[in-house]
Amino acid sequence: MADVLGGITLALISDWATTLTLIFGGCCSNALTLEQLTSQFPRAGSLITFAQFLLITINGLRKFVAWTPYPHLKPRRIPLLPYLIQVTLFYAVSYLNNAAFAYKIPMTVHIIFRSGGLVISMILGRFLQGKKYKYTQVASVILVTAGVVLTTLSASKPKFTTAGQPSSETFNLYSEHTRTYLHGIGILTVALILSGLLGITQDKTYATYVRSPAASTPKKTKKAIRRQAVAPAEPWQESMFYLHFLSMPMFIFARNDLMGQVSALNAGPSYQFVIPESLQATASAFSPYFFESKSFSVSPPSFSLPIPAPYIPLILNTLTQLVCVSGVHRLTSRVSSLTVTLILVVRKAVSLIISVLLFGGGLTDDNKMAMWVGAASVFVGTMLYSAASAGSKSKDINKPVTKDKEE
């Protein structure tokens with residue numbers, strides 16, 4: 001009996017260790033590589049979005065595309081038509097969130113601002129869905145909103161010195177920074193609103209095709225029979241694939257921007273990856289004529305492969321996005337929504353601390369205290385809201401997690 005209990009305990013510890021490693025390792029690394037890349041190339045947002053969408057699409061092809069007798073999509077739980085509105089909103093949210101870095105939005109504000117979507121969700125839920133909220137939920141949202149405002153104001157001043165400059169020039173610098181910064185905040189605000197609309201659209205779609213009794217006992221039509229033969233994939237996996245896969249053609253409108261960003265990354269510093277001498281010797285043995293002239297022999301030349309340095313954080317960011325998504329969905333399938341919120345809040349706090357320690361948070365020393373107070377208000381308000389909402393509805397492990405929660 002003791003051996004059985006010991007084995008179960010070890011299995012649970014191993015499972016939790018794997019899940020938390022995926023979340024804290026994947027999501028924190030994703031935020032770190034994102035900040036590293038955007039700090040040097042702030043206009044690389046659309047390229048980052050394209051790389052993430054491309055990898056997730058390729059990763060899902062083997063599960064959702066059949067290749068014989070000809071390439072075609074496998075049967076789905078949800079028809080393609082309901083995905084179209086979601087795809088438009090999802091693409092816009094992802095594109096705008098990454099594009100905001102070009103407008104002097106530091107990662108600290110990016111993390112906290114996107115954590116403040118509760119107020120948007122509450123407003124949309126009240127006016128579009130007729131939902132009613134508890135006083136505790138309203139108070140929690142007010143706390144979150146106050147924290148977002150405080151954090152936003154903490155980074156509104158430029159992080160540069162103006163000592164010895166004329167007052168008119170100083171004023172122009174501050175004015176330019178403020179205009180650019182407010183433009184970025186406006187972009188993040190639009191992304192939050194669209195993200196709230198995306199959540200409502202996903203809820204209605206899942207209520208119709210996944211959670212409803214009619215979805216579990218469909219009529220015996222041809223389409224219903226095809227859906228009963230759907231591939232053994234979780235609904236969130238299907239949703240994640242189609243949201244990214246169907247968004248790919250939309251990047252045609254950003255092709256000029258993408259090419260410009262690729263050119264900017266190619267023009268950056270490069271790493272020289274030198275081929276080991278052992279491999280050069282092997283190549284020389286198999287192809288001596290390549291290294292020998294007709295009259296004398298020379299040693300194999302030193303081969304090196306130049307790789308632009310910015311592509312390394314870009315590749316790591318794309319890979320860790322997959323790891324982060326897997327970890328978050330793995331967590332949602334094992335614990336309550338309150339526990340998910342608590343763990344993700346801690347994860348965002350860790351990302352925030354890493355950003356401040358490694359990159360300075362994009363803030364002056366005088367404004368860091370305001371940022372920390374605002375961050376604490378957002379995180380505490382989020383946990384209070386989740387605690388107040390815990391008993392109001394059961395969790396749905398099949399619901400896809402939005403990108404705000406992933407990151």
**Study point:** Pairing residues for Phe101 by the ring-ring contact (aromatic ring centres under 6.0 Å, His included) criterion, not counting sequence neighbours
**Key:**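 ring-ring contact (aromatic ring centres under 6.0 Å, His included) check on Phe101 returns His110.
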Point to revise | Any residue meeting ring-ring contact (aromatic ring centres under 6.0 Å, His included) with Tyr95, in chain and number order, not counting sequence neighbours | key: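 Residues passing ring-ring contact (aromatic ring centres under 6.0 Å, His included) with Tyr95: Tyr91.
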Review point. Within a reach of under 6.0 Å around CD1 of Ile85, are more than 12 heavy atoms found that belong to other residues, nucleotides or ligands?
Key: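 No, because the 6.0 Å sphere around CD1 of Ile85 holds 12 heavy atoms or fewer from other groups.
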Point to revise | Heavy atoms from other residues, nucleotides or ligands near CE of Met248 exceed 12 (cutoff 6.0 Å) | key: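 Buried by this count: over 12 neighbours within 6.0 Å.
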Check your understanding: Stepwise, does the side-chain hydrogen bond (donor to acceptor under 3.5 Å, both in side chains) test hold for Asn317 with Gln36?
Key -> CA-CA 10 Å; Asn317 177 265; Gln36 181 183 359; over 6 Å; no
Side-chain heavy atoms of [X] within contact of [Y], under 4.5 Å:
X      : Y      : answer
Tyr311 : Tyr271 : no
Lys74  : Val65  : no
Glu238 : Tyr83  : yes

Practice item. Step by step, work out the side chain to side chain contact (heavy atoms under 4.5 Å, CB included) result for Phe113 and Thr189. Key: CA-CA 8 Å; Phe113 198 94; Thr189 302; 3.4 Å; yes
Exercise for review: Applying side-chain hydrogen bond (donor to acceptor under 3.5 Å, both in side chains), run through Ser355 and Glu35 and close with a yes or a no.
Suggested key: CA-CA 8 Å; Ser355 174; Glu35 184 167 10; 2.8 Å; yes
Practice item. Report yes if the distance between the aromatic ring centroids of Phe64 and Phe245 is under 6.0 Å, otherwise no. Key: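 No; Phe245 has its ring centre 6.0 Å or more from that of Phe64.
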Point to revise | CA sep, side-chain torsions, deciding dist, call: His244, Tyr242, ring-ring contact (aromatic ring centres under 6.0 Å, His included) | key: CA-CA 5 Å; His244 291 82; Tyr242 279 101; over 10 Å; no
